[in-house]
2 protein chains.
Amino acid sequence: MPSVLPLSAALLSLLTAAPKTPAPAAVTGPSPQVAERLIGAALTEGHAYARLAELTDGIGPRLSGSEGEKAAVAWAKRSFEADGVKVWLEPVKVPRWVRGTESGRVPGTERYREHRLALMALGGSVGTPAEGLTAEVIEVRSLEEVAALGEKVKGKVVLFNHSMSVAADYGKAAALRTRGASVAAKAGAVGMLVRSLATASLRSPHTGAMRYDEDGPRIPAAAVSVEDAELLHRLLAGGPVKVELKLGCQTLPDADSFNVVAEVPGREKPREVVLLGAHLDSWDVGTGAHDDGAGVVMVMEAARLIGKLKPAPRRTVRVVLFANEENGLKGGRAYAEAHAGELANHVAALEMDAGGFKPLGVALRAGPGGAELVAPWLKPLEALGAGSIVQGDAGGADISPLIPARVPFVGVKVDSSRYFDVHHSEADTLDKVDAKELAQATAAVAWVSYVLAEVPGVLPRPEAPLPAEAPKAPSAAPVGAPKPSAP
Amino acid sequence: MPSVLPLSAALLSLLTAAPKTPAPAAVTGPSPQVAERLIGAALTEGHAYARLAELTDGIGPRLSGSEGEKAAVAWAKRSFEADGVKVWLEPVKVPRWVRGTESGRVPGTERYREHRLALMALGGSVGTPAEGLTAEVIEVRSLEEVAALGEKVKGKVVLFNHSMSVAADYGKAAALRTRGASVAAKAGAVGMLVRSLATASLRSPHTGAMRYDEDGPRIPAAAVSVEDAELLHRLLAGGPVKVELKLGCQTLPDADSFNVVAEVPGREKPREVVLLGAHLDSWDVGTGAHDDGAGVVMVMEAARLIGKLKPAPRRTVRVVLFANEENGLKGGRAYAEAHAGELANHVAALEMDAGGFKPLGVALRAGPGGAELVAPWLKPLEALGAGSIVQGDAGGADISPLIPARVPFVGVKVDSSRYFDVHHSEADTLDKVDAKELAQATAAVAWVSYVLAEVPGVLPRPEAPLPAEAPKAPSAAPVGAPKPSAP
Ligand SMILES: [Zn+2]
Ligand SMILES: [Zn+2]
């Protein structure tokens, strides 16, 4: 794997080696001068990283409905205004779940002494009684195994002890986290634990969304650290094991929040929209630096840099900082609903939500001929290692409600291999984001966004989605479900 | 770096390739048949790892004076008895420090919102008032810098924000942890924080020993995670920063504990002792798997395997599982005192306290000619990559009180490069120990111990220690100070 490119003079000269022909009077496509300006600025000004520091060190965690979220919305609006980018707020009702105090332990027996459990309630979980919940653990690897166990699950705490070890395993393991409690409760379980969805662990639990079936029983659900899942596994090899869980979490009434929407109007086709998305909310642990502070500052920076271009690109570039991606997807749904009439004019949507890592290329979810439209314009990203169309689906949780409208999706893929070391944990903090990699990804986002807004044609729209991919009725929709590609 | 050797048939056949000549009636030196037996058993029986699981999963943390420590002493005695190795307990008075509940935060200001601090009180620290201690932070890199700051330190919490990044930096950084609070208090500080001594971090603080000057003021002292030290550094760049610390730790009256001593009497020179040491205590976080459960099971296994040899080796092999290495070194001192009359007959001492990692070779602290005595017998360790004398001092905190008696030290060096990822943290758990590496190190310890007990000559004793190396009066001795080599 190539090491991180330094922002060297050599690199900049490479980027600026494109011939500096004067721009023709009638611009017919993305221009090399704009490539210089966008990529040069993203790589040298450090603006995205400075903004990320404001968001993470200055504001910190920003779970839906929290004071941190309110502060983040105000900060984002203020920042767009400071950038001279038109901005407004669109209301979204969001769930308000609060963690409270929490702890877990394995009470001692004849075979072993007491162990503390490093755990975190899953977002959306009900709490336990104040005195805690104590029950025997039963270990499974899959949702199917719960059903197969039948009566044995009754009265137990079900431990979903999957084998996620690399980022690519996330989607499969996330189904256990999201659905495990409902499946276990239906079988008579009284509590649910899931091994943290993590690719590295120093006894560090990772939270995440879960949801209950509307009509099913609701049991407390928490993620234990990888180490604790392995401890329980070892202890269970010797006989029955009990755990005690004390979760102080609860769901309060819905709160008022906002999607922060900003745009640079197009000079020629202002009603054609290139949508750049990221989510402004985060979990209540860590400071959401990779998830999704990095995405937020990348798309903000793209708007700032594109907003300074004279003339503006052909089409409108619109940034949406979505509310409530983590535990409800209410922001993504509210946008699709409020803008239903415009979606036929959304010519592309791009969501950055896979961390602030170095860019690897561009992915597409479009109709036949999409790659041919975009690929010729990616040359300016070659020196960053991101100048090609790459395999893999483009998408994002917040833009998934745009699928029925057949909006083409474009993704700037980043190297998310270490994303799940910190994702949804106390360790998702600014120090984990490499300023160089963030700058490179920002450059790629800015350039790709400009290309989509300036290129003479538009992406062919993808085929109508298969029924399974279409969002279902709200209560059955994949709230907090694994995101389509790199989540 | 070579990857971990699998316990393959190929490896075993390599080890057993030594000629199988019948043992001569009068044994004149370490025998190849014994090499086969010791190394083969250590590599194939999995006994050390199984014992480590008993100690870590079964007993868990075992800080001096705790119930866990009592259980560990009983377990060790029982285990030696089960192995048919003579065992007894030698009383040691140990300090009893208890952590209590603890928390820290950076209260919000106009510049930033509140942050939680991931911290752990240092062992031996006084607590804060129940309502907490709130003061401005002042950041330094060294003990010297505190003095240079003069009045500016008064009323502040001093943050020792060193730059430890690799294992080799531990010794220098440990001086800040150990002495920082006393130096800061003398300058008028009201609290002390130290960046965790860690080579990896997922917001995971690492505790460790500190000590106060007898006659100086005592201020609360805690380790913050690497991430939080960096956060404080960044926030301080923008102006004053306060922290609030709530530490519930306290020191209770000394408790009764024990060194667990076991031995295999020598067949020819039973009064000549080869001492194998490790420490049975651990911190109160994690389960002390690498520190020092791994050392404990290695030396226990060496005694078990050597105890089965018929005839026994020429000299006595004595294992000491020391009490209270982590926060007092009372076990090491008690042993040196109780056995003062025998120390002239201690022909070698070896302490394993650098984690359960793959062996790299043998280090010596002996007089001239020591390497020549040992090196010829290391050939059976070649296939494990540990068949050579390596540079670096041999030693260990618990055997350091034997320095004035000029006991030769022998060390089986292990690859401790990842030791400080978990050392003194919640993450020092069984899963971090690779069973293959532990087996390899155990094989090396067993063989080297046998060699020292069987070789016709004895190691020349090292020169008299320099005055600076000799232990001083108890109150000034380096309690919890960095250990001589790989701590
Ligand atoms: Zn996200
Ligand atoms: Zn140790």
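So you know, we letter chains A, B, ... as the sequences are listed, proteins then strands, and number each from 1.
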Requested in this report: Can you tell which part of A:S425 gets under 4.5 Å to a heavy atom of chain B, answering side chain, backbone, both or neither?
Outcome: neither
Report task. Could you please state which residues from residues 113-122 of chain B sit under 4.5 angstrom from chain A, measuring non-hydrogen atom to non-hydrogen atom, sorted by number, or 'none'? Result -> B:R113, B:H115, B:R116
Requested in this report: Kindly state each residue pair satisfying salt bridge (charged side-chain N to carboxylate O under 4.0 Å, His left out) with at least one member in residues 237-246 of chain B, sequence neighbours excluded.
Outcome: B:R105-B:E244
Report summary line: If one checks every heavy atom of B:T109 against chain A at 4.5 Å, the contacting part turns out to be neither
Report task. Residue by residue, scan residues 224-237 of chain A and write down, ordered by number, those that have a heavy-atom distance under 4.5 Å to chain B; if none do, write 'none'. Result -> A:E227, A:E230, A:L231, A:R234, A:L235
Query raised in the report: Could you give the distance from CG (A:L202) to NZ (B:K432), rounded to the nearest 0.5 Å?
Result: 6.0 Å
Query raised in the report: Which region of B:T429, side chain (C-beta onward) or backbone (N, CA, C, O), has a non-hydrogen atom less than 4.5 Å from a non-hydrogen atom of chain A, or is it both or neither?
Result: side chain
**Report entry** Heavy-atom contacts under 4.5 Å, residues 66-74 of chain B to chain A
**Finding:** B:E67, B:G68, B:A71
